[in-house]
There are 2 protein chains.
Amino acid sequence: MKEISIDKIDRAILGLLQTNADLSVTEVAEQVGLTTTPCWRRIQRLQQNGIVTKKVALLDASRLALTTTVFVQVKAARHDGKWLEQFARHVEGFYEVVEFYRMSGEYDYLLKVLVKDMTSFDYFYKRLVKGIDLNDVTSSFAMEQIKYSTALPLHHL
Amino acid sequence: MKEISIDKIDRAILGLLQTNADLSVTEVAEQVGLTTTPCWRRIQRLQQNGIVTKKVALLDASRLALTTTVFVQVKAARHDGKWLEQFARHVEGFYEVVEFYRMSGEYDYLLKVLVKDMTSFDYFYKRLVKGIDLNDVTSSFAMEQIKYSTALPLHHL
DNA sequence: AGTGAAATTCCTCACGA
DNA sequence: TCGTGAGGAATTTCACT
């Protein structure tokens, strides 16, 4: 992975864009103290470097009736590479899974699952445990989402 | 919360925009089988309804040296409303916390924390447990991010 | 919803400092 | 690297069908 230098201005640009990608290049330029062209070039560079991966619209889950967030912890049945790979494929395919991590600690995997209600979760759960050998599965329900941010903390740059 | 009707075309528009917000109105219109003006009106309506909340740039955490993701589970010291409120405020303030949920089950809270290394996590951890009374704190480290999506599953619409 | 079109803003590049 | 200027493109918003 290449080393890329991010200066104070790049950091400011990233901070703005990861909060609001609707800002025009001109608006970003003003806020970071540049004119449009050099600002545009920096943004281009950040995109080509893969630092900015994409721009997306964020939707309000509650207004779309997606009110149930569940964290599912899983213990692997075995720890050979083949099983791990198989499980990763199995889980990735579920559209309900929005985040998926291999973990250290007691449980080997953590899944964040987004569904509209308990019935939908049950439907997911049955499909999840079917067709693959799991050692232990625990589901914890989110009662309240207190914070959710797609913006990375850039304070270390 | 108002009832909002989302038809097949709106669902298609949302699906496109939550994957790629760089699409021009004309491009979206083509893909959903409309012309620009009615498509533009639908997008406006989806934004004013608060279904589309914002557009953001997504950044590559690994290229910004944010390679450590930690899930922190916390048991509340007490379960009165005052403590809960106090704890929510305490945690929200940390820039390292990118997601934060009140949970059912054994642990009362789940935090997703993003930092650059172990040292930074330790720095966070010390500040987290300081100044507030906690019953139990467990940290689990993500070894691998297998899936991460900001796109909501709209299959139920 | 669709067409056509006008006004405005934005993006993009060549060039010079 | 930054800034200026300008062409061409895209967005936004009409009035009318």
Side-chain angles (χ1 to χ4, degrees), chain A residues 1-60 63-65 150-152 154-157, chain B residues 2-60 63-66 150-152 154-157:
Chain A
M1 192 158 300
K2 264 184 304 192
E3 267 308 313
I4 301 152
S5 62
I6 307 279
D7 65 12
K8 208 74 182 171
I9 296 178
D10 286 331
R11 184 179 164 287
I13 292 172
L14 293 173
L16 288 169
L17 289 182
Q18 72 172 345
T19 296
N20 180 10
D22 275 326
L23 291 170
S24 70
V25 177
T26 314
E27 286 170 311
V28 174
E30 278 174 16
Q31 296 209 43
V32 302
L34 288 177
T35 52
T36 64
T37 302
C39 185
W40 177 80
R41 279 196 283 248
R42 279 171 182 266
I43 293 171
Q44 289 293 318
R45 198 180 56 106
L46 292 167
Q47 286 171 345
Q48 280 157 13
N49 283 341
I51 291 174
V52 173
T53 55
K54 60 193 320 200
K55 294 184 185 173
V56 299
L58 299 182
L59 311 184
D60 184 327
R63 288 189 199 237
L64 293 165
T150 58
L152 306 181
L154 303 177
H155 302 70
H156 63 294
L157 294 178
Chain B
K2 266 186 301 191
E3 267 309 313
I4 300 151
S5 62
I6 307 279
D7 65 13
K8 208 75 180 167
I9 296 177
D10 286 331
R11 183 178 163 289
I13 292 171
L14 292 173
L16 288 169
L17 290 182
Q18 73 172 344
T19 296
N20 180 10
D22 275 326
L23 291 172
S24 70
V25 176
T26 313
E27 286 170 312
V28 174
E30 277 173 18
Q31 298 209 41
V32 302
L34 288 177
T35 50
T36 63
T37 304
C39 185
W40 178 82
R41 278 196 284 248
R42 278 171 184 267
I43 293 171
Q44 288 293 319
R45 198 181 56 106
L46 291 167
Q47 286 171 346
Q48 279 157 13
N49 284 340
I51 291 174
V52 173
T53 55
K54 60 191 325 198
K55 293 182 184 173
V56 299
L58 299 182
L59 311 184
D60 185 327
R63 288 188 198 240
L64 292 164
L66 282 170
T150 59
L152 307 181
L154 302 177
H155 302 70
H156 64 294
L157 294 179

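Note on naming: letters A, B, ... go to the chains in the order of the sequence lines (proteins, then strands), and numbering restarts at 1 for each one.
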Subject >> Closest-nucleotide ordering on DNA chain C, the 5'-leading residue of B:Thr36 and B:Gly33 >> reply: B:Gly33
Subject >> Separation of B:Gln47 CD from B:Leu17 CG (nearest 0.5 Å) >> reply: 8.0 Å
Would you say that [X] contacts [Y] through its side chain, given a criterion of any heavy-atom pair below 4.5 Å between the two side chains?
| X | Y | value |
| --- | --- | --- |
| A:Thr35 | A:Glu30 | no |
| B:Asn20 | A:Lys54 | no |
| B:Leu14 | B:Leu16 | no |
| A:Ile51 | A:Ile6 | yes |
| B:Gln31 | B:Ile13 | no |

side-chain N/O [X] vs [N] OP1/OP2, d < 4.0 Å:
| X | N | value |
| --- | --- | --- |
| A:Gln44 | C:dC11 | no |
| A:Arg41 | C:dT12 | no |
| B:Trp40 | D:dT12 | yes |

**OP:** Under the side-chain hydrogen bond (donor to acceptor under 3.5 Å, both in side chains) rule, collect the residues that match up with A:Glu27, sequence neighbours excluded.
**Re:** A:Ser24
Subject >> Nucleic acid contacts of residues 11-29 of chain B, taken as heavy-atom distances under 4.0 Å to DNA chain C >> reply: none
Original post:
Using Watson-Crick and G-U wobble pairs with both distances under 3.5 Å, what is the 5'-to-3' dot-bracket string of DNA chain D, with [ ] for crossing pairs and | for pairs outside the strand?
Top reply: |.||||.||||||||||
Original post:
Can you check the A:Arg42 CZ to C:dC11 C1' distance for me, whole Å?
Top reply: 19 Å
**OP:** Measure the distance from CD on A:Glu30 to P on D:dG3 and round it to the nearest whole Å.
**Re:** 12 Å
Original post:
Salt bridge between A:Arg45 and A:Asp10, side-chain N to carboxylate O under 4.0 Å?
Top reply: yes
**OP:** Decide yes or no, distance alone: a donor-acceptor N/O pair under 3.5 angstrom between the base of C:dC13 and the side-chain of A:Thr37.
**Re:** yes
**OP:** Would you mind classifying the nucleic acid contact of A:Arg45 as base, sugar-phosphate or nothing, using non-hydrogen atoms under 4.0 angstrom?
**Re:** nothing
Subject >> Separation between the P atoms of C:dT12 and D:dT12, rounded to whole Å >> reply: 15 Å
Original post:
Can you list the steps and then say if A:Gln18 with A:Val52 is a side-chain contact (heavy atoms from CB on, under 4.5 Å)?
Top reply: CA-CA 9 Å; A:Gln18 72 172 345; A:Val52 173; over 6 Å; no
